[in-house]
Amino acid sequence: MDAGDLLIGHTFEVSGDAMASPWQEVVRINSAGAVFIRGGRIIEIGDRKSLKAAHPHARVADYGDHLICPGFVDAHVHYPQTAIIASWGKQLIDWLNTYTFPEEMRFSDPAYARLIADRYLDIALANGTTTACSYATIHPGSVNAYFEAAEARGMRCVAGKTCMDRNAPQGLQDTAQSAYDDSKVLLQHWHGRGRATYAITPRFSPTSTPEQLSAIGALWEEFPDCLMQTHLSEQPQEISWVRSLFPEARDYLDTYERHGLLGARAVFGHAIHLEPREIDRIAETGAALVHCPTSNSFIGSGLMDVAGLTARGIPLGLATDTGGGSSFSMLRTMAAAYEIAQLRGTALHPAQLMYLATAGSAKALHLNTRIGTLAAGFEADLTVLNLYSTTAIAQRAERANNPWEALFPTIMMGDDRAIADVWIAGQRRVNTLASPTP
Ligand code: GUN
Ligand code: ZN
């Protein structure tokens with residue numbers, strides 16, 4: 001029998017919802033921690049002394065002062081936008097038309113889709129992200145490329161074919177029927193296969209006719225176990241457009257609900273400019289929202305009310321929203337979440353930021369019994385943080401009076417240099433990110 005691996009270091013431990021209850025009651029850092037993993041799973045977590053005694057033959061990875069965390073879970077990305085990240089000067093609708101749609105057209109070529117899927121996942125892993133929930137493009141080949149690339153790395157992943165049958169270039173439109181048919185074939189192939197989850201994916205109401213939304217809603221009713229992901233209330237101009245396209249709807253959320261696209265397994269990205277009725281309805285149905293803070297400032301969208309929404313018990317994930325977001329790093333994303341909350345008068349604690357990037361995102365994706373927490377029975381996806389990765393960070397961390405103060409400079413100033421190691425399903429992953437070519 002395999003002797004297993006014993007990882008020694010400081011451990012980030014969560015036993016509840018750090019947004020719904022006082023974080024002090026549910027999150028701690030154990031500075032004498034250890035994690036024992038075998039067969040792709042976490043078998044035991046606890047104090048290093050007792051775990052060493054219990055597993056004397058285990059291979060030991062001693063990480064010293066590093067912080068062993070659950071792998072980061074990025075709850076909303078567009079992997080096809082990898083190559084256009086950091087494109088200058090536009091707000092949402094112009095940004096989509098100028099940068100995004102031309103790039104997404106290129107994904108009609110499955111070889112290009114695979115090239116970018118591989119590139120995206122290598123960058124994500126180098127940043128400590130072990131699961132990313134991605135939109136593909138309208139092309140079924142772009143969905144296969146992403147799932148295949150994740151499968152090749154052993155990664156748990158979520159993705160779906162983006163559906164659009166209006167207000168997009170000709171080469172980037174499907175129909176109500178083909179969106180239904182193609183999504184059905186893809187979800188029957190991928191959903192629950194290995195570590196894959198399928199998310200039925202209408203891009204957003206402006207790019208789907210009511211007929212398409214209805215067809216996709218019917219598909220979700222047939223396969224209620226799948227997730228449904230889309231965008232909601234990101235920018236005021238977008239919301240006005242939705243109002244003119246759906247005059248019969250009560251509000252933006254209703255454009256989804258009236259077509260069967262609201263429920264506990266719905267995941268809405270952005271959700272910044274919500275009406276009180278929409279918030280009530282989201283809370284009632286148990287749908288999740290995803291905070292995309294670097295994107296919301298980069299595209300000029302606004303400041304999500306994280307404290308107010310989580311106080312309503314709404315599950316909240318955290319995401320880069322690559323490439324509307326300006327970073328692949330969940331550390332940078334936590335920093336942006338901190339800054340945006342500050343602008344709204346709330347100081348999110350490092351325990352809460354880390355919770356959102358791990359168990360919180362996993363909960364939004366209904367994967368919180370499998371990933372996002374260091375606990376017995378969970379899949380062994382781990383990210384090990386070096387809290388002294390640069391001179392600037394180290395000199396601040398050295399002054400720390402407690403573990404949270406030691407972690408916070410890495411959240412605020414850290415990048416891929418802080419990622420000491422990543423484990424996927426119990427396998428230590430050597431960082432194979434190729435050096436950039438000119
Ligand atoms: N709304 C519809 N599509 C997109 C997209 O690709 N990125 C962002 N940020 N918002 C969207
Ligand atoms: Zn998005």
Side-chain angles (χ1 to χ4, degrees), residues 74-107 116 120 132-139 142 146 158-169 172-174 179 199-208 212-213 216 227-242 245 252-253 255-256 261 266-273 288-304 317-328 333 336 340 361 364-365:
D74 190 339
H76 179 130
V77 312
H78 299 255
Y79 93 81
Q81 297 169 14
T82 296
I84 56 135
I85 194 168
S87 290
W88 181 84
K90 303 285 180 192
Q91 296 220 344
L92 180 59
I93 306 303
D94 284 345
W95 174 83
L96 285 171
N97 287 321
T98 309
Y99 299 120
T100 306
F101 289 159
E103 176 64 12
E104 291 193 9
M105 299 267 261
R106 300 182 66 177
F107 286 71
I116 300 296
Y120 167 74
C133 174
S134 185
Y135 289 60
T137 64
I138 69 147
H139 314 97
S142 74
Y146 185 74
V158 185
K161 176 195 128 67
T162 296
C163 303
M164 297 198 274
D165 68 343
R166 64 169 163 176
N167 294 320
L172 219 51
Q173 287 189 36
D174 50 18
I200 294 168
T201 307
R203 181 177 215 114
F204 66 157
S205 292
T207 48
S208 288
Q212 179 168 78
L213 294 176
I216 298 170
L227 298 178
M228 191 290 300
Q229 62 175 347
T230 190
H231 296 85
L232 178 67
S233 295
E234 185 174 356
Q235 292 205 341
Q237 188 198 0
E238 169 208 15
I239 296 167
S240 308
W241 193 23
V242 169
L245 289 169
Y252 198 158
L253 184 70
T255 65
Y256 296 122
L261 295 169
V267 185
F268 295 103
H270 303 280
I272 301 166
H273 309 282
L289 302 180
V290 181
H291 187 25
C292 307
T294 70
S295 170
N296 295 346
S297 51
F298 182 77
I299 313 187
S301 303
L303 312 177
M304 189 193 206
L318 186 65
T320 60
D321 189 31
T322 297
S326 53
S327 173
F328 294 97
T333 303
I340 285 183
S361 281
L365 301 175

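Order of appearance sets the numbers: ligands from 1, and atoms from 1 within every ligand.
- With a 4.5 Å cut-off on side-chain heavy atoms, Y120 and F328 count as touching.
- Atoms of ligand 1 lying under 4.0 Å from at least one heavy atom of W95, given by number and element, are 5 (C), 6 (O), 7 (N).
- For H270, every N, O or S atom stays at 2.8 Å or more from the Zn ion (ligand 2).
- With respect to the Zn ion (ligand 2), H78 has NE2 as its nearest N, O or S atom.
- Side-chain atoms of T322 never come within 3.5 Å of backbone atoms of Y79 as a donor-acceptor pair (strictly under, hydrogens ignored).
- Taking 4.0 Å as the cut-off, E238 does not count as a neighbour of ligand 1 on heavy-atom distance.
- The atoms of ligand 1 that sit less than 4.0 Å from any heavy atom of E234 are 1 (N), 8 (C), 9 (N), 10 (N), 11 (C).
- For T207, no heavy-atom contact with ligand 1 is shorter than 4.0 Å.
- Taking CG of D321 as the start and NE2 of H231 as the end, the distance is 5.5 Å to the nearest 0.5 Å.
- Between the NE2 atom of H231 and the NE2 atom of H76, the angle taken at the Zn ion (ligand 2) works out to 100° after rounding to 10°.
- Here F268 and Y256 bring their ring centres to under 6.0 angstrom of each other.
- Per-residue contacts place F204 under 4.0 angstrom from the following atoms of ligand 1 (heavy atoms of the residue considered): 1 (N), 2 (C).
- Residue D321 approaches ligand 1 through these ligand atoms, each under 4.0 Å from one of its heavy atoms: 8 (C), 9 (N).
- The main-chain N or O of D94 is found under 3.5 Å from a side-chain atom of T98 such that the two form a donor-acceptor pair.
- The side-chain contact (heavy atoms from CB on, under 4.5 Å) check on E103 picks up A83, I84, R106, F107, Y112, with sequence neighbours excluded.
- The Zn ion (ligand 2) lies at 2.8 Å or more from every N, O or S atom belonging to C292.
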List the steps, then state whether ring pair (Phe, Tyr, Trp, His ring centres under 6.0 Å) holds for Y135 with H76. CA-CA 8 Å; Y135 289 60; H76 179 130; 4.9 Å; yes
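- Within D321, the N, O or S atom lying nearest to the Zn ion (ligand 2) carries the name OD1.
- Nearest protein heavy-atom neighbour of atom 3 (N) of ligand 1: R203 NE, 2.8 Å.
- When only interatomic distances are considered, the shortest N/O to N/O separation between T100 and ligand 1 does not fall below 3.5 Å.
- Remark: the backbone N or O of A168 is paired with a side-chain donor or acceptor of Q173 at under 3.5 angstrom.
- Residues satisfying the salt bridge (charged side-chain N to carboxylate O under 4.0 Å, His left out) test with E234, not counting sequence neighbours, are none.
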